[in-house]
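Just so we're on the same page: letters track the sequence lines, and every chain starts at 1.
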Amino acid sequence: MEQERKIRVIVAKPGLDGHDRGAKVIARALRDAGMEVIYTGLHQTAAMIVESVIQEDPDVLCLSILSGAHNALFPQIMQLMKEKGIEDVLVMAGGVIPQDDAAALAELGIEGFYGPGSKLQDIIDYIRAHLKR
Amino acid sequence: MQGMEIDDLVVRMHQGDRRAAARLITLAENDIDAAREISERIFTNTGKAYIIGVTGAPGVGKSSLVNQIIQVLVENGSTVGVVCVDPTSPFSGGALLGDRIRMKEGYPEGQVFIRSMASRGKLGGIARATKDTIAILDAFGFDYILVETVGVGQNEIDIYNTAYTTLLLLAPGMGDEIQTFKAGIMETSDIYVVNKADHEDADRLVSEIESMLDLADNVEFTHGDDHVITVVQQQASTGWRAPVIKTNGLTGDGVEGLLDAVKKHRDYLNSSGEITARVRAKFRKEILDILREKFAVHVEDALDMGKNGDLADLLDAIAARQKNPYTVSDAIGRKVMDKFNQL
Amino acid sequence: MQVMSKENYADNLRKWETRCLEPFLKKYPERKENFKNLSGTDIKICYTPDDISDLDYEKDLGFPGEFPFTRGIYPTLYRGRLWTMRQFAGLGTADDTNQRFKYLIANGQTGLSVAFHLPTLYGYESGTEMTVGEIGKEGVAIDTLADMETLFSDIDLGKISTSMTINAPASILLAMYVAVGEKQGVPADQLTGTIQNDILKEYIAQKSWIFPPEPSMRLIIDTIEYCTAHVPKWNTISISGYHIREAGATAVQELAFTLADGFAYVEAACDRGIDIDEFAPRLSFFFNAHNDFFEEIAKYRAARRIWAKRMKDKYQAQNPESWRLRFHTQTAGVSLQAQEPENNIIRVTLQALAAVLGGTQSLHTNSMDEALALPSEKAVKIALRTQQIIANESGVTNTIDPLGGSYYVEWLTNKMEEEAEKYFQKIDDIGGVIPAIRKNFFQMEIARSAYEYQIQVENGDTEVVGVNFQRSASCSPEKIDLLKIDESVAQRQIQRVQDIKASRDNARVEEVLEAVRVAAEGTDNLMYPILDAVKEYATVGEIIDVLKSVFGVHKEDAVF
């Protein structure tokens, strides 16, 4: 007997970037779409983010970064997730991430890049279609 | 197949694997059958952690205070599991879980475990799932488990059943203390905490609460209200006078004193024997919640128009005054009982 | 001279509607149900004298350079001196940015504006854990006085003014600037410039706080006290609405929250005992220039009028310079789109024009590629040229406040002032700006506006060209040449910091840092020990760590 399964999402802001308008608008939209959204707040290190993933067991991890530090921080996060054996979380990214970098990050296992100009509904649909469990 | 997965997770959890514990929590939260399987495997390992409830209206500073409590407990060498419950939106069914943001991070691995949960709109206060989460963290081995919930109406009563010591947080200047007095809900707390101690009205609020407690000691309650019956059982002219403690959630002032009071309460529960009554009330409520949920699911099923083709006709018959709602409920109720008996 | 009386106007408008508008609408309906501006205000089909019938020229507008300054704060404004063209710049190492400064000056920029990288903004020393991937990325890496010296190498601080966008560590960067000036032989009382130093809006919007509100305010008043005595030409705060707007606020909220912050600073400085007429002339403001052209102009005019009235009537400032609201403007970063980036040039042009017609003292125009990266040289040059074309070719600078008297603009100015006053009342009811911050009042308003805006864009109610209106089929940002910050920047900066730390007098550094701690624990003005510390080449990170140990750190609530 299974109740309706809720999608749990962590929205995280890695590094020092303080621009949280997009992350918060998305968090709210996901909530309005029926998901349970955990917001980590600013200034998250890779260790903090991965520890949150371990404890909260989310379906999705959304990384929001506009500072240009993604090339250093995202690999850290994905490496640590790998070390901890976390493989069934859908990892997405948003913010200011140039096209050139997006390809390299996709290889790390980050899917779904939703930067400026993205539609909230597209993000919601993507999540629903790409859950890993 | 789920049984095997659960077995494996339970083994790993007992080995200290935090991910396994987290995954068990997820399974229990989503499915009452999984919760049962998990409970059957871990229940005997629970009962070690000391459970502290932290409740109060939104905006009083619960998360900040919980953050301070965690720090002191960890400094004193304890491990802490934390469950933060936030309300599910009745419109969307989703939830924004933002309590983690106030918690200090960077504790040594395994010292602190924070899990955010949505209330998922369950009637009856603390969701069954929250209790399962507490049980899993208990079995995992945390010394303390802090449960943070929004105290509104029925939820407040329920936390007193779930936790051994419950802190009711109030903050000065919020204007609604008087309403809660009147509702009679307030007299049930083990410890009152006036947060934002630096506020100019803090001392006044402390006095108001003390006066109310003086009154409660001297007044008999009638048994007209379900909630009040429970209260009288727990606070029957015993030796525990709830202390009123001032704290500052931002600086941590008063938190050491608060934890002393918690310890005193714990000692009191044991020395007076009241712990027995508490624990009985706790498990009675837990069974009540499990049964309620199980029945509720069946009832929902029976009232699902998609699954029951004749339901629409029945409802139309009631609307046409050809049938009575009570009689229809009887028939549906019998079907539900049959289903339940088949399990 | 009035052609018709008030009653006649209202009557004539109705007649027009009946005889002309309504029949026309039957055949040609309007494009939308209603026409609102970005603050949600309904805009009428046309405005008439009726809409501003209570307007009193002397009382509500005044002449340029006189109370209430609605039309402008100087009697000549751009006829005397154009606004300062001040492009925000900062990238890589101090040397890289020094090059960029020189490029901008060579291309006609008239004032400097420094963008610091995130580690400096948050007080982290380059090379520490939190700085991984961040060094030199969002601004220039400044760790010690040595970096500041390089930053202004061959730039005479006696001849150019510098604005520094720095908040929690503002006192430190100000001290460094003073020290560089000293080394150049420019006495502190000749230095001109601004430190942003506006912590209240950090809690509300920009989020680059470090300490809790009370010690942060103390630091700000320390800088005001210090500058009043030693750096009298310095603008001690750039009270900002830009970031509040960027975070999602409407124009009305930007206006109200910024001025509320301003009043809070005035009150705090007065509480310290500083004479209002000594510090108020050196408070400055920083506004956003967003898309709704006329709303922005009305906003600047309303800001001047509100500030003037309050400073004179409520705070009893006597010096007319205390009543004068001076402001810098930046075109709205959040309006830049990644899709079809060249369109941003046009957006910026309109926004810059609004700022000029609104009487700004100083202006930064964004570059077209800033939704994707820091500006390239080519893009920033176009941005600068935008200002120059407006200044030199468009003729709008020939007269002051050309839109004064416009029925629409005067009506809108009045309306915005009214709406702002409602917010001031709400904030007062809560108990002031800091209590309101603690209650998340501003944060909730902003989160709501941000969400509503996004929904409007998604519904198509608000059109964004190239994004939801005429969006190209490929749907992905076009490729243009973007600036990339080399990873070697980080290595170089970390090495530089290590070298400085090895070659300075570390015993002395310990002494001066201890003096900072002692002052922080007491009530002495922190600027003096901080100045000593920077001169010994203590790093920003080291000084901030000392202050953190005394003041603690601030944590926000999750507000959506």
Side-chain angles (χ1 to χ4, degrees), chain A residues 10-32 37-48 65-77 94-103 113-124, chain C residues 117-119 121-122 124 129-139 202 205-209 243 246-248 333-334 336-339 370-374 443 446-448 450-451 453-455 457-458 464 466-468 471 475-479 482 484-485 487 490 555-560:
Chain A
I10 291 182
V11 173
K13 297 262 336 143
L16 297 179
D17 174 32
H19 299 93
D20 57 6
R21 174 177 178 170
K24 287 185 167 179
V25 165
I26 285 172
R28 191 164 161 167
L30 296 181
R31 188 275 306 267
D32 287 347
V37 186
I38 295 147
Y39 179 59
T40 63
L42 303 172
H43 297 191
Q44 299 292 297
T45 60
M48 289 174 188
I65 192 162
L66 288 84
S67 63
H70 51 277
N71 283 330
L73 298 177
F74 286 5
Q76 265 186 5
I77 294 166
V96 179
I97 297 165
Q99 287 281 78
D100 294 344
D101 297 344
F113 284 93
Y114 285 93
S118 301
K119 291 187 83 161
L120 297 172
Q121 193 56 48
D122 290 344
I123 298 171
I124 293 165
Chain C
H117 73 164
L118 285 169
L121 299 181
Y122 286 103
Y124 289 108
E129 190 200 355
M130 290 303 293
T131 66
V132 169
E134 314 269 15
I135 299 171
K137 291 276 175 66
E138 256 202 15
E202 296 302 322
Q206 185 164 236
K207 314 290 172 100
S208 59
W209 68 74
H243 320 81
E246 293 288 294
V334 79
L336 301 174
Q337 302 299 330
Q339 290 77 10
E370 290 198 72
L372 299 165
L374 291 182
Q443 298 90 315
I446 290 169
R448 186 168 47 89
Y451 194 64
Y453 178 80
Q454 186 62 25
I455 299 299
V457 170
E458 302 231 344
V464 184
V467 177
N468 71 356
R471 187 179 181 125
C475 263
S476 58
E478 270 166 49
K479 292 209 116 209
L482 296 176
K484 279 201 135 266
I485 304 291
E487 286 312 315
K555 265 197 177 290
E556 63 168 347
D557 288 326
V559 178
F560 298 87

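Smallest separation of non-hydrogen atoms from A:Ala12 and A:Pro14: O-CD, 3.4 Å. Taking every heavy atom of both residues into account, C:Tyr124 and C:Thr131 meet most closely at CB-CG2, 3.7 Å. For the residue pair C:His117 and C:Ile135, the shortest heavy atom distance occurs at ND1-CA, 3.5 Å. Closest approach of A:Arg21 to C:Ala247, counting heavy atoms only: CD-O, 3.2 Å.
Proximity to chain C is limited to the side chain of A:Leu73, based on heavy atoms less than 4.5 angstrom apart. Using a 4.5 Å cut-off between heavy atoms, A:Asp17 contacts chain C through both its backbone and its side chain. At a 4.5 Å heavy-atom cutoff, C:Val457 makes no contact with chain A through either its backbone or its side chain. The contact between A:Ala29 and chain C is made by backbone and side chain atoms together, counting heavy-atom distances below 4.5 Å. Of the atoms belonging to C:Val132, heavy atoms from both backbone and side chain fall under 4.5 Å from chain A. For chain C, no part of A:Asp122 is nearby; none of its heavy atoms comes within less than 4.5 Å. Looking at A:His19, the atoms closer than 4.5 Å to chain C (heavy atoms on both sides) all sit in the side chain, from C-beta outward.
For the options C:Gln337, C:Glu129, C:Glu246, C:Gln206, heavy-atom pairs under 4.5 Å to chain A are most numerous at C:Glu246. Comparing C:Val559, C:Leu121, C:Asp557 by how many heavy-atom pairs each has under 4.5 Å with chain A, the most go to C:Val559. The candidate from C:Glu487, C:Glu138, C:Lys137, C:Glu458 with the greatest count of non-hydrogen atom pairs under 4.5 Å with chain A is C:Glu458. Your options are A:Gly95, A:Ser118, A:Gly117, and the one with the most heavy-atom pairs under 4.5 Å with chain C is A:Gly117. Interface remark: of the candidates A:Ala72, A:Ser67, A:Gly22, A:Pro98, A:Ser67 forms the most heavy-atom pairs closer than 4.5 Å to chain C.
Surrounding NZ of C:Lys555 are more than 12 heavy atoms belonging to other residues, nucleotides or ligands, all under 6.0 Å away.
Within the 4.5 Å cutoff, the side chain of A:Asp20 has heavy atoms near those of the C:Glu556 side chain. Side-chain contact between A:Ile65 and A:Val96 is absent, with no heavy atoms from C-beta onward closer than 4.5 Å.
You'll find the ring centres of C:Phe560 and A:Tyr39 inside the 6.0 Å limit.
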